[in-house]
Amino acid sequence: MGSFVSKQMERRKAIRTEKKVLCDLCESCGVDFPGCDYHPPDRKNWMAGLNPEKVHINKIVWPGTHDSATNKIGTPCISRPFAQCQSLSIYHQLVRGTRVLDIRIQENRRVCHGILATYSVDVVIKDIKKFLSETESEIIILEIRTEFGQKDPPDFDKYLVEQLGDVLVHQDDHVFGKTIAELLPKRVICIWKPRQSPQPNAGGPLWSSRHMKDNWTDTDLPSTKFENNLKHLSEQPPVSSRKFFYRVENTVTPQADNPILCVRPVTRRIHGYARLFITQCFSKGCVDRLQIFSTDFIDEDFVDACVGLTYARIEGKA
């Protein structure tokens, strides 16, 4: 018992120390970067507002959500706080400005996060279609993967093509150098990551797992995650020469050896430092590598930071 208490005291001290590291860094370096003062007048249509003929796919800093379809996962006040990473529906995330969705599924086509399941993936598709019907120039990256330890839903690739075929941007390395206007009326880059089934074929309507990469650091220590994100990002090629999407996730996650297991209070340790991360990308010389930036419980300021940097790139300021 004594060793357990001692270990928990050490963990609490480590978390306080790491939170202070980010706080001090924010105070000493600030959060100003090219485009930081830009706020899209209409987040629902922010890509249209930047002029689709000027916005190249590889210039966009894509605001994304981590475990996107978990707003109704589990049982309220019982299991939900341990798995919920977003409080908004897919539709309302898209309206808020999200443009990258992270969807995990199980064999019966229900969305899940670990062992907890929620609604059918049909709900996700319905929300996407509703958003697309209300906008004209917004491009979405939809990543769907079979959750770890689960089996692939049968014929899921066919299901995706049947549901989204008319708006799917076909797999093509040239897409990265094209503008939004050149992709329209196609609107969805769908990356399907099965665990046992064959990967999507080159040139087909679905994109394979090689087109979405990241380096996940599983920790609840905010400064550790922040620094690892910078390190791994700096090791990537610049977006101008990359033929895949690279994601950085501004999240920390609960750990089994820590008494605090609810997502929201843990991820809050890093949530407010998205602008600091962008500032540090400039400082470390790797801002030309930043592409997909994801978070838990996405808010307007996070979206504005991504859109602001995108605006600066388009205007030649970053």
Side-chain angles (χ1 to χ4, degrees), residues 30-66 68 71 86-102 127-143 167 169 175-176 178-189 239 245 247-251 271-282 287-318:
V31 293
D32 291 340
F33 56 86
C36 67
D37 56 350
Y38 180 84
H39 299 280
D42 179 5
R43 294 185 185 89
K44 184 177 180 179
N45 291 280
W46 67 261
M47 288 183 170
L50 293 179
N51 188 345
E53 294 184 356
K54 293 174 61 177
V55 184
H56 288 79
I57 297 304
N58 60 11
K59 294 286 187 180
I60 299 170
V61 180
W62 303 74
T65 49
H66 167 244
S68 304
N71 56 307
Q86 305 298 330
S87 56
L88 299 176
S89 69
I90 294 298
Y91 171 76
H92 285 102
Q93 288 176 42
L94 293 169
V95 169
R96 181 161 287 187
T98 301
R99 293 297 177 266
V100 181
L101 300 171
D102 160 24
D127 277 7
I128 290 173
K129 287 181 175 179
K130 180 181 179 182
F131 175 77
L132 293 177
S133 72
E134 297 173 356
T135 57
E136 295 182 354
S137 302
E138 307 304 300
I139 305 295
I140 298 169
I141 299 176
L142 170 63
E143 181 202 34
V167 294
V169 177
V175 164
F176 297 97
K178 292 184 177 181
T179 64
I180 290 176
E182 290 174 311
L183 296 188
L184 298 176
K186 306 299 184 181
R187 309 275 299 281
V188 179
I189 297 171
V239 293
F245 294 102
R247 174 172 51 207
V248 173
E249 302 203 66
N250 190 61
T251 60
H271 185 271
Y273 293 107
R275 288 181 178 269
L276 176 65
F277 185 82
I278 294 175
T279 304
Q280 288 300 294
C281 286
F282 276 97
V287 74
D288 62 341
R289 291 150 171 78
L290 187 59
Q291 189 172 49
I292 294 176
F293 200 22
S294 292
T295 190
D296 292 324
F297 302 105
I298 195 164
D299 57 25
E300 290 88 350
D301 188 67
F302 186 90
V303 170
D304 288 3
C306 296
V307 178
L309 181 53
T310 302
Y311 170 78
R313 284 179 172 178
I314 294 167
E315 296 299 314
K317 299 176 181 178

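Atoms considered below: every heavy atom in the structure, side chains included; atoms not considered: hydrogens, waters and symmetry mates.
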**OP:** Enter the distance from Trp46:CH2 to Thr98:OG1 here, rounded to the nearest 0.5 Å.
**Re:** 10.0 Å
**OP:** Report yes if some heavy atom in the side chain of His271 is under 4.5 Å from a heavy atom in the side chain of Thr295; otherwise report no.
**Re:** yes
Original post:
For the atom pair CD1 (Ile140) and CD1 (Ile128), what is the distance rounded to the nearest 0.5 Å?
Top reply: 5.5 Å
Original post:
Given side chains that start at C-beta, do those of Asp304 and Pro40 come closer than 4.5 Å, heavy atoms only?
Top reply: yes
**OP:** Considering non-hydrogen atoms only, spot the tightest contact between Leu88 and Asn71 and give its length.
**Re:** O-CB, 3.4 Å
**OP:** Would you indicate whether the side-chain heavy atoms of Met47 and Ile60 approach each other to under 4.5 Å?
**Re:** yes
**OP:** Taking all non-hydrogen atoms of both residues into account, name the closest pair between Thr135 and Asn45 and its distance.
**Re:** CG2-OD1, 3.4 Å
**OP:** Specify whether Phe131 and Tyr91 have parallel, tilted or perpendicular ring planes, treating 30° as the upper limit for parallel and 60° as the lower limit for perpendicular.
**Re:** perpendicular
Original post:
Do Lys186 and Val167 have side chains that get closer than 4.5 Å, going by heavy atoms?
Top reply: no
Original post:
OG1/Thr179 to NZ/Lys54 distance, rounded to the nearest 0.5 angstrom?
Top reply: 12.0 Å
Subject >> Note, Gln86 side chain near Ile298 side chain (heavy atom, < 4.5 Å) >> reply: yes
**OP:** Compare every heavy atom of Trp62 with every heavy atom of Ile139, then report the nearest pair and how far apart it is.
**Re:** O-CZ3, 3.6 Å
Original post:
For residues 290-318, which residue pairs qualify under ring pair (Phe, Tyr, Trp, His ring centres under 6.0 Å), counting only residues two or more places apart or in two chains?
Top reply: Tyr38-Tyr311, Phe277-Phe293, Phe293-Phe302
Original post:
When rounded to the nearest 0.5 angstrom, what distance separates NE2 in His39 from SG in Cys36?
Top reply: 8.0 Å
Original post:
Below 4.5 Å, heavy atoms only, C-beta onward: do Leu94 and Asp127 meet side chain to side chain?
Top reply: no
Subject >> Identified side-chain contact (heavy atoms from CB on, under 4.5 Å) counterpart of Phe245 within the set Val100, Ile189, Asn58 >> reply: Ile189
**OP:** Find the distance between CD1 (Ile292) and CD1 (Ile141) and round it off to the nearest 0.5 Å.
**Re:** 4.0 Å
Original post:
Side-chain contact, heavy-atom cut-off 4.5 Å: Ile90 with Gln93?
Top reply: yes
Original post:
Where is the tightest heavy-atom contact between Leu290 and Cys281, given as atom of each residue plus distance?
Top reply: CD2-SG, 4.5 Å
Original post:
Judged by atom type as modelled, is there a donor-acceptor pair below 3.5 Å linking the side chain of Arg247 to the main-chain atoms of Ser294?
Top reply: no
**OP:** Hey, could you give me the NE2/OG distance between His92 and Ser87, rounded to the nearest 0.5 Å?
**Re:** 11.0 Å
Original post:
Taking only residues two or more places apart in sequence or in another chain, which ones pass salt bridge (charged side-chain N to carboxylate O under 4.0 Å, His left out) with Arg99?
Top reply: Glu138
Original post:
Which atoms form the tightest heavy-atom contact between Val61 and Arg313, and what is the distance?
Top reply: CG2-NH1, 3.5 Å
**OP:** Would you indicate whether Glu136, at its atom CD, is surrounded by more than 12 heavy atoms from other residues, nucleotides or ligands within a distance under 6.0 Å?
**Re:** no
Original post:
Is there a side-chain contact between Thr65 and Asp102 (heavy atoms, below 4.5 Å)?
Top reply: no
Subject >> For the student: nearest non-hydrogen atoms of Lys178 and Glu182, plus distance >> reply: CA-OE1, 3.2 Å
